[in-house]
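Proteins come first, then strands; the chains are lettered A, B, ... in the order of their sequence lines, and each starts at number 1.
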Amino acid sequence: MSDFELLDPSGLPIGGSAAHDAGGDPLVDGLNPAQARAVTTRGPALLIVAGAGSGKTRVLTHRIAHLIREREAWPSQILAITFTNKAAAEMRERIEGLLGDASQGMWISTFHSACVRILRREAERFGYVSGFTIYDSADSRALLKRIIKELDADTYGFTPANSGAKISKLKNELVDAATHAATMNENDPRERLFVEIFRMYEQELKRANAFDFDDLIGQTVHLFRAHPDVAAVYQRRFRHILVDEYQDTNHAQYSLIRELTRPVEPEEVERLVPPARAKELDASGRIPPASLTVVGDSDQSIYAFRGADIRNIVEFERDFAGAEVVKLEQNYRSTQNILSAANAVIGNNFDRQEKHLWTSEGDGERIVGFTGYSQHDEARFVAEEIEDLHRAGLAYSDIAVFYRTNSQTRALEELFIRSAIPYRVLGGTKFYERAEVKDAMAYLTSIANPYDPIAWSRLLGAPKRGVGAMAEAHLANFQEAQGVSFHEAMLRAEEVTAIGPKIRATVRALGEMLVRASRMAVGGGATDVAGEDAKPAPVADVMKLVLDETDMIEKLRAKRDPQDDARAENLEELLAVAREFDVKQPGAGLLAFLTEVSLVAAADDLDDSSGTVSLMTMHTAKGLEFKAVFITGVEEGLLPHQMSVDEIGGISEERRLMYVGITRARERLYLTLASTRATFGDVSVAMPSRFLQEIPEGLIDWRQSPGEVTGRGGTASRALNAPRSSGGGSWSRTRTDSAVTFSGGGSGSGAVSEPASGNMQSALDKWRERKRLAKEAQASGGGFPNLVGGSVRDNGDLELATGDRIRHDEYGEGRVTGVSGVGTKRIAHVVFDTVGERKLLVKLAPIEKVEAGEE
DNA sequence: GTATCCTTTGTTTTT
DNA sequence: CAAAGGATAC
């Protein structure tokens, strides 16, 4: 927030260049003609269509550096929006590399961070306080849960999840409760109830002085529209706006860009402070609109579920008059085989603009395919291949494993631990989502925002101190009636006579502690206590006070559940994270810490130097690249995900996701799947993904094809290359969509970026490393229940009937008590003599019949 | 007021 | 199969 002051008051562009001629410019040399044009073109609007791996980041950074170096803009006039904090950090780093200190003062951040920054400055304009809380999805859900309970809306089928999703969708369209109420069907009681939920949700957020994720964007737009004078400040300041991953912007983000690129009309110009200089104005007395550069690739749009509207990029030229378009089509990342596969897959999407991605690299290795009998078998293959790659000299950090859903990590992690492969899971169960971490953070949140009911309610019950739901309700009523903060209400707990004296004292003591902590932390917070003299204490000190006073860590250690030890360590790690933050951003304050924590993205903590294999979803993988990439679970129902099959445009989006995954690979690509997959409870047969069929056969080197695994007859290796080795039909029969179109050529498109060093990484790294080691110890010590056998088996047509006696490799002997399912899904229910009842997949379990049953 | 057990429930992707 | 909610026991 501090570099806002670096705004050059005059905002003057010091005229065009002439300083450097086209030749011998280090910012342009070494670029291909299209890239060079993307760097040097000027005008009101520019669309850079950047195929996958086409050097997008390079072009963006060079374009910015070029603007600065040619003295067409001051750093403070640049606003660059990226998708993740990590991408922002990387861009900043690269620009610094090009410009040195001259890059100081640019805004390079995500949509969300930029908006928080603006909102913190301007919050007072519309009834918020600068110290507002940012609600993550869990907080929103907690709030909605109360509302739904209060309205008894659950009886109508409303859940925090579904109403939250609906509200989010509306907010992304910039529709608020009042607007929605005006357009809804009055006669539908369900809709009326929903509007009531929405209305209360808005109201409660405001009362809590909190914004949810969607508000950050939406309220900023609202702010600009309601206060043209505020908008004018930013419209004037940012002369060059650059947006990365433009294909994934939603309507709210689009509107934000629109607002920022409006001219400042003469009547607003007059009100500017400091006054505008003549050279800032055009002939009609306005400040001309900022120049807009967007970069994107419609083939990589994978966030429609979050409101991303592909039309933003498709209709860019119509939207922004005078827009120029530059296409980057040469790929510098992948081998031709990988590109061909990507092109073939994406070519099956119909409503797209053809692109002509090419590379001057050779074909490279063929894509390796593998079909496992189970996800364990698949994971085993992945682990073994990684070992081979590593032995061949590839660093672990050059390898990534992708999957569609986070739950797929389990099998992979297990195998990696057994194989002693160092790995790291990006996203997934995040550090900050752990209960004990959220507990501690609730204290800090409440300290920064004493009006936040969610944080307050959370801290009241953690650790347990005898204050339960009853006491909480009485206090909340008191707080509301008195119109004071929760802290103030706690200090006056003695007045709440409905609560027992003992608990009143506990509450008051806790309140005093919070007030004391607030005093320490002042500087960035909205506290309603006096004491603003001292400079804000380091975040770690505030946290230390909370942890000490509440005795959270000690209380956890005192329990004997070993899990609680890990929890205690997590809290210590959190403290370390805070210390790091204090070192990196001295004096930034509690609010900045909370903001940073709220806005961390999954990909933000990728760290190249970690020397670990990276596991992540394909969504998280966007914008990254690795020498070797494994895409796992390439199955119907998983890679086009089941949930997306009935959605309109769902399959197309899944195909783009597949395309994004494929194009992350530089040298080696592996596509793996399993023929059976355990989903909740039982095992089901999985079919190969339709996307596999879209890849020309010759590109894939099947180590084990789907045909071999699906067909009867077991492991005999037949023609390794032919997907139809087991009779063609068996695997090309995908259930719903049998219209398979083969398409050779095509195109691609893309994203770019690399690793970087992170914000709060190293403490988190340590945390993860420790987690890993703990698991490892567990693995070697106790051993895992799901041992992965050396070879896969196939019992073919083994017939089992109730009463049969069988022997299992691991469980010993037992008696069959029932058989269910048909074909490959046949499941035997067996009561073993030693381990009790188990359900087994007849086809694959390591069993043999000992004697037939009586009946 | 809290801890524990059992039932129910749901199962995509995320700033 | 997991997490989360509810009902029951302490």
Quickly work out the A:H376 NE2 to C:dC1 P distance and round it to whole Å.
-> 12 Å
Please determine if a side-chain N or O atom of A:N406 lies less than 4.0 Å away from the OP1 or OP2 oxygen of B:dT14.
-> yes
Give the rounded distance in Å between these two atoms: CG of A:L639 and P of B:dT13.
-> 13 Å
Closest to the A:H112 side chain, choosing from B:dT11, B:dT15, B:dT13 | B:dT15
Does A:R664 make a cation-pi contact with A:F626 (under 6.0 Å, within 45 degrees of the axis)?
-> no
Rounded distance (Å) that lies between atom C1' of B:dT12 and atom CE of A:M616 | 17 Å
Mapping A:F83 and A:M643 onto DNA chain B by nearest heavy atom, which one lands closer to the 5' end?
-> A:M643
May I have the distance from A:Y135 (atom OH) to B:dT15 (atom P), rounded to whole angstrom?
-> 20 Å
Nucleotide nearest A:T405 (side chain, heavy atoms from C-beta), chosen from B:dT15, B:dT12, B:dG1 | B:dT12
Indicate, with a heavy-atom threshold strictly under 4.0 Å, whether A:Y303 touches base, sugar-phosphate, or nothing.
-> sugar-phosphate
Report the nucleotide, chosen from C:dG5, B:dT2, B:dG1, that has the shortest atom-to-atom distance to any side-chain atom of A:K464.
-> B:dT2
Would you indicate which nucleotide in B:dT12, B:dT15, B:dG1 comes nearest to any side-chain atom of A:S137?
-> B:dT15
Taking all atoms of both residues into account, what is the closest heavy-atom pair of A:A88 and A:S109, and its distance?
-> CB-CA, 4.0 Å
A:K56 and A:D244: salt bridge (Lys or Arg N to Asp or Glu O under 4.0 Å), yes or no, with the steps?
-> CA-CA 9 Å; A:K56 175 191 69 168; A:D244 196 6; 3.2 Å; yes
Report the distance from atom CD of A:E635 to atom C1' of B:dT12, rounded to the nearest whole Å.
-> 15 Å
salt_bridge(A:K438, A:D136) N-O dist < 4.0 Å | yes
Is any side-chain nitrogen or oxygen of A:T84 closer than 4.0 Å to OP1 or OP2 of B:dT15?
-> no
Using whole Å, report how far CD of A:Q375 lies from C1' of B:dT11.
-> 14 Å
Side-chain N or O of A:K502 closer than 4.0 Å to phosphate OP1/OP2 of B:dG1 = no
Atom pair distance, as rounded to whole Å: CG in A:D136 and P in B:dT15 = 11 Å
Rounded distance (Å) that lies between atom C1' of B:dT15 and atom CD1 of A:I167 | 18 Å
Applying side chain to side chain donor-acceptor pair (under 3.5 Å), run through A:N449 and A:T133 and close with a yes or a no.
-> CA-CA 7 Å; A:N449 178 7; A:T133 305; 2.7 Å; yes
In terms of side-chain heavy atoms of A:R306, which of B:dT13, B:dT12, B:dT15 is nearest?
-> B:dT15
Does A:T620 have a side-chain nitrogen or oxygen under 4.0 Å from the phosphate oxygens OP1 or OP2 of B:dT14?
-> yes
P atoms of C:dA4 and B:dT13, separation to the nearest Å = 15 Å
